[in-house]
Amino acid sequence: MRVQKRIPWLMSLGVVLAAMALWGTRAGADVTSDRPGSVVIWPKVIADGTRDTIISLTNTSNSQAYAHCEYIQGSGRCSNSNNFCSLPDGSDCPVIPGIDNECIITWQTGDFDVVLTRQQPTIWRVSTGRVENLLMGQGIQCVDFFEAGPNGPVLRQSCPGLFLIGNVPPAPNQPDDPTVFTGGFRGELRCFQVAMDGSLFGGNALKGEATIETLGSNQISEYNSVNVLSDQGPGLVDGLVELNGVNYNACPGAVDLSHYAPRRPTSPVSAAGASDLVAAELGAPCATSGCGVRTEFTLVPCRADFVAEEAASVSAAFQVWDEFESFFSREQDFDCWASLSLDTLGFTNVNGATFQHSRVTSSGTICVAGTNVGLRGCGSDAACGLGGVCGPASGILAVLEEFHQNDNSNLATLAGLGTAAANAHLAEVNGSLERRGRCRGTLTLCTTDAQCPATGLCRKASTTPCTTDAQCTTAGDFCDHCINDEMQIDTVPIVIP
Amino acid sequence: MLTLKKLTLMGAAGALSALLLSPMAQAATYSDAQSAVLVWAKIAVDDSRDTVVQITNASSSPAAAHCFYVNANSRCNNTGEVCSTSGDCAEGLFFGTCLPSWIEINFDVVLTPEQPLAWSAAEGLGNGQPAGIQYDTVPCPGGLLNSCPGSNAGTRVPPVGESPFIGELKCIQTDPITRLPAPCGGAGQAACRNDLEGSATIETVAANGEIDAERYNAVGLRTAGPNDGDHLLVIGGTGAEYQPCAQVLVFNHLFDGAIDPISGTGTASSELSLVPCTENFLLQQVPQVIAQFLVYNEYEQRFSTSRLVNCLLDSPISNIDTSQNNRSIFSAAVAGTVAGQTRITGVNGGLIGAATLSFSSPSSPTAGAGYNLNQFADRQESDFIRIP
């Protein structure tokens, strides 16, 4: 008779290892600014002739890491005054009597790749990018040089260190001739951790910072990138980042920002905002300016489609509380990217508060596919036209930046202004930091596919019912159940020169 | 045929594969989410510098916090005066020794729903005092003076104990009566709350009046499990009431002495502040935590050093390992690149930190920025905060 010999320790090992594997994953997903992730987002990147930005990107893992990155020119230009603007309705463009001054927003992108060795940090300057220089030895500074461009010399930069990819280009809309500056970049940067073949890779190895500097001064603002952690990794669709709390973390339900209030009624007219709490005591000249502090929110949608090159539209709801418990609110639509202050939105400070607490939420529905893509407030797929898919409006990510004024500073040129940036806080909505999606078809709120009808609909063959992805046979198609934010990139192999 | 042995081996192999392929355990301190405990790792006050501390109740219910300033000034053992080196401890012909010190004071803050509140560390925040300087009183003092639906009554923030001051601030969400965390999360009890958000802005004014503001978010500890509401806060590990501190802090920086890639003239200088996760405010004890630093430059070259964190480590990074900055492994001249990554591990305890970067040049006032460190992996052992 054969006797099966049991090996108790082996069974225990299996149990322990399984437990460790499960312990290593996180439930209750959320994006974060203080842990490495698989998607890294810098919401505010400036290279516009007045300010420039140093991007820092680090591989925190012990393996080589690859990243596919996309610059997004988010800011628009006022049609008749050439000011930067963010709001589609043009309300942040200067009023010119008798002339329509619209905000023209074009979603211009520029992509590149980065390769990082294990634990490698790297930096580059946004206006110049970075070029590998094998002849450059170790040193304490980067070196500028001019490179021939199609329209003249282009300012580039090399820095000491390994830079395997060889070249990161300048951000879009940089001048070819640095003596004639006509363009400028204000927008965001996103980097996606990928494998060498360009496919998404949920390694959670990447983190970054952005340091925004006012040219001609040492004034800098620094904030952490917002990082999206991968849980189970990318799904079956090439290049699709599903921010659903299963494949990748979901975006937050709301973002919180605490900041100086707009100008108080008793402050000087030229004050940029409520007065700095300590500047006068420290000896700053505040007689005419009140040492006001202006706060800018920079908001970006979670959703992004770099394949179709479509900007996400957002309906942002602003809720503002001051320290006297007064409450204010309004809604504002924006496309792609917005950088604006509360007074641009029409908020005032009737109570004379010094500080306010703002919460920005995105809710409602929007057409995420179809001939009416971008249509807000859809109630069904049919409202989105041919191939239409009605889903949740995009979530929002944010950073804030303060500008500290004194009597000698210039708000228009930023000369003499102190600057400081900070990451927004993730706010709980219905007890969760994670944003809920909406069921395909019924549009009811959901956090998992199981909360939606068992029969969903294919995304591309949008009228085809399905229960599994395999039933959606069109190339790149999948079965929608609980729809949340998504990002889509091209998967192109990384080429190391 | 699959035998039990084969199945068990397969299961073990599968689990091992899942472990290797799964995302690494992520540390659970937050500088960007509502929390139940907030830590401001650097509060600085002196003749030219002040810190604006800001705390917000992010919930629609009132919230209270029991807060602790930790004064980490070093002191002369002969005069008791604040010092930075023993050279500051002259008394006649003799010199004393400059020793680390740890003095704690605590106070309460009561917040109305969704309320932001801020104060100057140098001046504090009174309650019912006549308004003198712009922000001397709480916004909602209660009683006849109150114009708000709710009240900040019970709030009284003292100024920091002395100037110069270097230290930290910890605020714990508590029951306003008991000044202890409210029991929660157990059977029949309310869910534990994470209502607090915070930041600090360290401000300096240059000779030409230009304001330098360095802002960072307070690091938060969110609730993790049932809380028995006693004097001992268990952070991570077995019986955790709060999520664990990080096993590794990830600090990206420019090496000291590196030249600003944008201006081409500014010289970089970074400062790092570290405080222990574990603190005993009841017995006034702080464990001595060894911080191990692994420093990587852009050539993948690695350096390392260690430093004792005795209550608070607040140092230019190129003084962490030496008093001669240009010989430091954190110096660009030694590291050989502009940018670096430093991984910080606490031995015998967890660490929480914040950092600043500044540029200085002959043509413009020195200015800088504050930012938060990243975290990686959970500490397996518990940290503790014991409060009176």
Side-chain angles (χ1 to χ4, degrees), chain A residues 10-11 13-14 17-18 20-21 24-26 33-35 52 54 56 58 60 117 119-121 123 125 138 140-142 159-162 204 207 209 213 217-222 224 256 258 277-279 282-285 321 323-325 355 357 404 406 408 416 418 420 422-423 425-426 428, chain B residues 4 8 11-12 15-16 18-19 22-23 25-26 31-34 50 52 54 56 58 112 114-116 118 120 135 139 148-149 197 199 203 205 209-213 215 217 250 252 257-259 261-262 266 296 298-300 332-333 336-341 359 364 367 369 371-372 374-375:
Chain A
L10 199 56
M11 294 175 67
L13 173 63
L17 288 174
M20 289 170 69
T25 60
R26 288 175 66 244
S33 65
D34 48 20
R35 270 153 285 156
D52 202 349
I54 301 169
S56 165
T58 296
T60 64
T117 61
Q119 302 290 355
Q120 185 189 12
I123 59 165
R125 176 177 163 191
Q138 296 190 330
I140 68 170
Q141 71 182 104
C142 301
C159 299
L162 291 175
N204 293 331
K207 67 174 286 291
E209 291 84 18
E213 181 171 321
S217 80
N218 290 319
Q219 285 290 348
I220 54 173
S221 300
E222 184 162 352
N224 288 0
D256 267 4
S258 294
L277 204 59
V278 301
L282 291 173
W321 296 266
E323 62 226 13
F324 303 108
E325 288 192 75
F355 286 91
H357 163 214
H404 293 249
N406 67 81
N408 303 322
N423 288 87
H425 284 84
L426 314 178
E428 288 184 3
Chain B
L4 183 61
T8 309
L16 182 59
L19 175 65
S22 71
Q26 298 294 332
S31 63
D32 57 1
Q34 299 174 218
D50 195 357
V52 176
Q54 196 276 314
T56 295
T112 63
E114 308 286 2
Q115 186 187 34
S120 144
Y135 207 77
C148 316
E197 299 167 352
S199 69
E203 292 192 34
V205 175
E210 192 169 299
I211 299 167
D212 175 34
R215 177 169 171 164
N217 283 353
V250 183
N252 265 28
I259 303 300
I262 292 178
Y296 295 88
E298 289 193 66
Y299 286 109
E300 205 190 320
T337 66
V338 172
Q341 180 202 186
F359 288 122
S364 299
Y371 60 105
N372 287 90
N374 268 221
Q375 296 122 43

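Lettering follows sequence order; numbering is per chain, from 1.
Per-residue counts of heavy-atom pairs under 4.5 Å with chain A were compared for B:V250, B:I211, B:T56, B:D212; the largest is that of B:I211. Between chain A and the residues B:I262, B:T337, B:N217, the largest count of heavy-atom pairs under 4.5 Å involves B:I262. The choice from B:V52, B:T112, B:I259 that makes the most heavy-atom pairs within less than 4.5 Å of chain A is B:I259. Residue with the most contacts toward chain B among A:Q141, A:E213, A:E325: A:E325 (heavy-atom pairs, distance under 4.5 Å). No other option in A:E209, A:H404, A:E222, A:Q219 has as many heavy-atom pairs under 4.5 Å with chain B as A:E222. Contact tally against chain A (heavy-atom pairs below 4.5 Å) for B:A213, B:A339, B:A332: the top residue is B:A213.
Both the backbone and the side chain of B:N372 come within less than 4.5 Å of a heavy atom of chain A. Of the two parts of B:V338, the backbone and the side chain both hold a non-hydrogen atom closer than 4.5 Å to a non-hydrogen atom of chain A. At a 4.5 Å heavy-atom cutoff, the contact between B:Q34 and chain A is made by backbone and side-chain atoms alike. Heavy atoms of A:S221 lying under 4.5 Å from chain B belong exclusively to its backbone. With a 4.5 angstrom heavy-atom cutoff, A:N224 touches chain B only via side-chain atoms.
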Test log, rule side chain to side chain donor-acceptor pair (under 3.5 Å), inputs A:T117 and B:E300: CA-CA 7 Å; A:T117 61; B:E300 205 190 320; 3.2 Å; yes
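A:L282 is linked by a side-chain contact (heavy atoms from CB on, under 4.5 Å) to A:V278, B:D50, B:E203, B:V205, counting only residues two or more places apart in sequence or in another chain. Remark: A:R125 pairs with A:D52, A:D144 by the salt bridge (charged side-chain N to carboxylate O under 4.0 Å, His left out) rule, at least two apart or across chains.
Rounding to the nearest 0.5 Å places CZ of A:R35 at 9.0 Å from CG of B:N374. For the atom pair CG (B:N252) and OH (B:Y296), the distance works out to 13.0 Å, reported to the nearest 0.5 Å. Summarising the geometry, atom CD belonging to A:Q120 is positioned 8.5 Å from atom OG1 belonging to A:T58; distances are rounded to the nearest 0.5 Å.
B:P116 has its side chain within reach of B:Q54: a pair of non-hydrogen atoms, C-beta onward, lies under 4.5 Å apart.
Checking side-chain atoms of A:N406 against main-chain N and O of A:G416 turns up a donor-acceptor pair under 3.5 Å.
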